[in-house]
Every structure is written in C-alpha cells, then in structure tokens.
Chemist: 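Handing you a structure now.
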Amino acid sequence: MNERMVLSGSLGFLSLGDIVQLLGSSGSTGVLRLINRYAPEPGFIYFIEGNPINAQNGDLEGLDALYSLFGWVNGSFEFTREAIMSDKRITKSRMGIILEGMKLLDDGLIKKIGPATGHDSTAELKQTLSKTAIVKGPLVDYMYVVDEEDFFDGERIVEEGKHGSWIWVILEGVVDIVKEVDSVPIPIIRVGDGSFIGSMASFLLQGHIRTATAIAVGNVQLGVLDSQRLAQEYAALSLDFRTFLTSLDKRMKQLTDRIVEYHEGKIHTDEILKDTKVLIRQSSSEEKQLYVVKQGRAAVVRETKSGPVLLCHLYKGDFFGNVPFLHLGHEPEGASIYGSENIKIAKIEAVSLQKEYNRLSTTFKNIVDNMATSISVTADLVCSSVISKNSETKVTSNEREEKT
Ligand SMILES: Nc1ncnc2c1ncn2[C@@H]1O[C@@H]2COP(=O)(O)O[C@H]2[C@H]1O
C-alpha cells in the first residue's frame with residue numbers, strides 16, 4: 001500500500017462533502033483523487049492545511065471543477081499526503097464550498113455522473129452492495145494459477161449471457177456480481193480475495209453461458225486457473241460426487257436468479273407449496289441423512305417471519321438433507337424440504353462423499369467451499385430482500401389506509 005495514502009474508500013459510503021469536512025478538521029495537506037467508472041479521467045482536489053486550494057476535472061479547473069465533482073455520487077476516493085505546488089485558485093471557505101456544492105447538486109445544477117439510463121441504478125447498486133458484506137474465500141493456493149490478469153474499476157470480467165470457460169480466483173480486490181434486467185443492474189453479491197469468478201460449469205461444459213455479470217470495484221488482480229487440470233480432476237471423481245457437485249452448482253444459479261424473480265414479484269411460494277408434503281422440517285436437528293431425488297420434484301424453502309420463501313427447486317438427481325462436510329445454511333437447520341406427491345427419494349452415503357471431498361486438491365476444495373459460502377450468503381440475501389419488500393408493501397398499504 002502507498003504509505004502516503006492516509007484515507008481511501010467508496011463515494012457511496014462517504015460523500016465528497018463528508019470527505020472535505022474530514023480533511024478540513026484534520027488540517028490535512030495533500031491530494032484527493034476521485035475515481036468514477038463513468039468519467040474518462042480521475043478528478044483531483046488539492047488541499048493545504050485542510051482547505052481546498054485548487055481542483056481539476058477534465059478541462060475544468062478551480063471552483064468549477066470542484067463543484068462538478070459533487071456529481072460523482074459513486075466511485076472511489078484516495079487521499080495522499082504530499083506537498084502541494086498547485087496555484088491557489090480557490091479562496092472560498094471550506095464550509096461555504098460544501099454547502100454550495102450540495103445545494104447545486106440538490107437543485108440539479110450539477111450533472112450526476114453515472115450510467116446513461118436516467119435512473120441512477122449503478123449508484124443504487126453500489127450503495128446496496130457496499131452495505132452487504134464482502135464474501136471472501138480461503139487463502140489462495142497458487143498451484144493452479146497459470147496467469148495473472150488486472151482489471152480496473154468498472155471493467156466487466158464476465159458478462160451475463162456470454163459464453164466463457166475461464167475461472168479466476170481473486171488475488172486482490174473486490175468484485176460486484178450483478179444480474180441485468182432491461183439494462184438495469186440488480187445487485188446480487190460482493191466478493192473479495194480468495195473468491196472465484198466463474199462457476200464450476202465454466203470448466204466442465206463446452207459453451208457455458210455466464211449466469212451473471214462480474215464488475216471490478218477499484219483495481220482487481222485475478223489469478224487465471226488451469227481449467228484443464230480442474231476438468232481432469234473432476235473427471236476422475238465418482239459419478240455420485242460429480243452429481244452432487246452439479247446439483248450444488250444448480251442451487252447457486254437458482255438462488256442468484258431468485259433474487260431477480262423476487263425483485264420482480266414473480267414468485268408465489270404458497271402456490272408452489274400446494275399439494276406438497278414436508279420431507280424435512282426446518283431446524284430438525286435429528287435429521288442427519290442425505291438423500292437424492294429419484295422421481296418427482298422438491299423445493300427448498302426457508303420459513304421466515306414473513307412466511308415461507310422458496311430458495312430452490314430440486315429435480316431428479318438433485319441431493320437434499322444433511323451435508324456433514326459443507327455449510328450451506330439450507331436444510332435441515334436453515335430450510336425445510338417439501339416434496340411433490342409423486343416424489344421418490346433414496347438415501348446416499350454421505351461418508352463416501354466426504355472421503356472424496358477430503359481427497360480433493362486444495363484449489364478444488366476451495367472452489368467447493370466458496371460455492372457453499374456463496375449459496376449460504378445468497379440464500380440469506382434472497383430472504384432479506386423478500387422480508388424488506390413485504391415490509392415496504394405493508395407500510396404503503398398502512399399509509400393508504402391512514403389516508404382513507
Ligand atoms: N450468488 C452468487 N454468489 C457468488 N458468486 C456468484 C453468484 N452468482 C453468480 N456468481 C459468480 O458470477 C459468475 C458469472 O459467471 P459464471 O456463471 O461462470 O460464474 C458466476 C459466479 O462465479
């Protein structure tokens with residue numbers, strides 16, 4: 001890390017007004033650099049003893065440049081302590097600048113820099129994702145890293161709907177995973193060091209289609225994994241273990257889709273549960289068995305204070321039950337299983353799966369563990385988005401009642 005850099009972060013978290021105030025109260029001298037993926041160049045503000053003395057944004061200089069930077073409501077910032085040689089072009093007081101900048105922004109007199117959709121969805125996205133925890137993976141095992149690639153803030157690493165067979169591990173940095181509906185990004189999850197970009201299907205299927213878009217947040221360094229070696233390791237596994245991994249991968253894909261479907265109000269869990277029977281009841285600690293669906297279908301459902309929330313559908317070949325070597329946060333502790341009336345299931349030996357899991361290479365095991373963590377976190381995100389949507393609906397209907 002740059003030793004002179006004393007403050008850095010996200011503009012979605014600290015606004016420019018907050019940062020100027022902070023640097024003012026600490027009497028700092030140095031350069032504030034702002035980075036926004038929708039601006040071709042960074043913006044700069046020069047401070048002497050806590051007071052902005054000059055700024056630069058493209059062709060703009062001085063106070064005009066500084067005010068224009070209030071429109072950068074997303075992106076990142078870095079402050080480095082250093083001697084300032086710039087001319088003093090700004091004489092207005094610090095507080096005066098903050099108040100005026102915020103007023104101009106509120107009055108719509110400063111252009112907000114973001115995506116060209118009118119609706120500032122990326123700012124919302126960044127704000128939403130910056131509130132969620134970053135899912136990190138285990139320590140990186142370099143044995144399978146064959147190359148390194150750098151991505152810069154806002155660059156797309158993979159794009160939803162496009163073909164791709166690479167899988168990467170994040171060596172350093174943060175990546176947002178988003179789904180795009182009518183060009184509007186729906187935030188899914190934010191992942192960091194040790195997490196993988198590219199699902200297992202990337203190195204297993206010819207012509208795998210990316211399930212989401214991955215966007216670099218700030219500078220990101222990725223390690224390209226040896227897909228061929230991973231595919232060979234997979235091919236040497238037993239059919240049961242391969243089927244188990246494929247089913248795990250399907251759970252993750254479905255959960256990601258579920259966030260979008262709930263967002264669009266497309267899912268009605270009650271209807272899905274009609275004519276089904278409970279096979280595993282949530283929180284049943286005595287359930288220790290692992291099963292496979294042989295016929296019919298089942299649903300993984302979390303019982304929440306807002307009612308049942310559908311997490312995944314299960315079909316022939318999918319597993320359910322207690323997985324002793326992975327924490328998925330689903331059944332039996334974190335979800336129930338409902339089966340269709342015609343369902344047929346069989347028991348699977350979790351012990352033999354566990355033995356195979358223990359023999360996996362470190363990288364392969366890390367991929368599986370990371371997938372389990374993503375499944376667990378995404379399920380929580382699905383439920384919290386349903387709960388907050390339901391409470392919003394309640395507030396609106398209460399407001400309506402109060403008005404009538
Ligand atoms: N719910 C999720 N949690 C973590 N990563 C995800 C999630 N959904 C999609 N991704 C990642 O985004 C990637 C998009 O391309 P892939 O489908 O190859 O692989 C996907 C995963 O690596």
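First listed ligand is number 1; within each ligand, the first listed atom is number 1. When a residue number appears, it is its place in the shown sequence, counting from 1. Any value given below was found using the heavy atoms of this structure, including those in side chains, with hydrogens, waters and symmetry copies removed.
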Chemist: Is it the case that the ring center of Phe244 lies less than 6.0 angstrom away from the ring center of Phe325?
Modeler: yes
Chemist: I want to check something: taking the side chain as every heavy atom from C-beta on, are Thr378 and Arg258 in contact at a cut-off of under 4.5 Å?
Modeler: no
Chemist: Can you confirm if the NZ or CZ of Arg251 lies within 45° of the ring axis of Phe319 and under 6.0 Å from the centre of its six-membered ring?
Modeler: yes
Chemist: Starting from atom 4 (C) of ligand 1, find the nearest protein heavy-atom neighbour and note its residue, name and distance.
Modeler: Ser374 OG, 3.4 Å
Chemist: Which ligand 1 atoms are under 4.0 Å away from a heavy-atom of Ile197?
Modeler: 22 (O)
Chemist: For ligand 1, which atoms sit closer than 4.0 Å to a heavy atom of Thr378?
Modeler: 1 (N), 2 (C), 3 (N)
Chemist: Would one find more than 12 heavy atoms of other residues, nucleotides or ligands at under 6.0 Å from atom CD of Glu172?
Modeler: no
Chemist: At what distance, to the nearest 0.5 angstrom, does CG of Leu66 lie from CD1 of Ile45?
Modeler: 4.0 Å
Chemist: Please check if any side-chain donor atom of Ser15 sits under 3.5 Å from a side-chain acceptor atom of Asp18, or the reverse.
Modeler: yes
Chemist: Any idea which protein heavy atom is nearest atom 5 (N) of ligand 1, and the distance to it?
Modeler: Met252 CE, 3.8 Å
Chemist: Which residue and non-hydrogen atom of the protein lie closest to atom 15 (O) of ligand 1, and at what distance in Å?
Modeler: Arg210 CD, 3.3 Å
Chemist: Quick one: does ligand 1 sit under 4.0 Å from the side chain of His208, the backbone, both or neither, non-hydrogen atoms only?
Modeler: side chain
Chemist: Nearest to atom 8 (N) of ligand 1, what protein heavy atom do you find, and at what distance?
Modeler: Thr256 OG1, 3.0 Å
Chemist: Any atom of ligand 1 sitting under 4.0 Å from a heavy atom of Val158?
Modeler: yes
Chemist: Below 4.0 angstrom from a heavy atom of Phe196, which ligand 1 atoms are there? Numbered from 1 as shown, please.
Modeler: 22 (O)
Chemist: What residue and heavy atom of the protein are closest to atom 14 (C) of ligand 1, and at what distance?
Modeler: Ala212 O, 3.3 Å
Chemist: Name the orientation class of the two ring planes belonging to Tyr46 and Phe44 (parallel below 30°, tilted from 30 to 60°, perpendicular beyond 60°).
Modeler: parallel
Chemist: Under a 4.5 Å cut-off applied to non-hydrogen side-chain atoms, are Gln282 and Arg302 in contact?
Modeler: yes
Chemist: Surrounding CZ of Arg94 (heavy atoms of other residues, nucleotides or ligands, distance under 6.0 Å), is the total greater than 12?
Modeler: yes
Chemist: What do you reckon, does Thr213 have a nitrogen or oxygen under 3.5 Å from a nitrogen or oxygen of ligand 1?
Modeler: no
Chemist: Taking heavy atoms and a distance under 4.0 Å, where does Ser202 meet ligand 1: side chain, backbone, both or neither?
Modeler: side chain
Chemist: Are any of the heavy atoms in Gly198 under 4.0 Å away from ligand 1?
Modeler: yes
Chemist: Answer yes or no: is there an ion pair linking Arg210 with Glu159, defined by an N-O contact shorter than 4.0 Å?
Modeler: no
Chemist: Against heavy atoms of Ser199, which atoms of ligand 1 measure under 4.0 Å?
Modeler: 16 (P), 17 (O), 18 (O), 19 (O), 20 (C), 22 (O)
Chemist: So which heavy atom in the protein is nearest atom 11 (C) of ligand 1, and how far is it from that ligand atom?
Modeler: Ile177 CD1, 3.7 Å
Chemist: For ligand 1, is any non-hydrogen atom under 4.0 Å from Thr211's backbone (N, CA, C, O), its side chain (CB onward), both, or neither?
Modeler: both
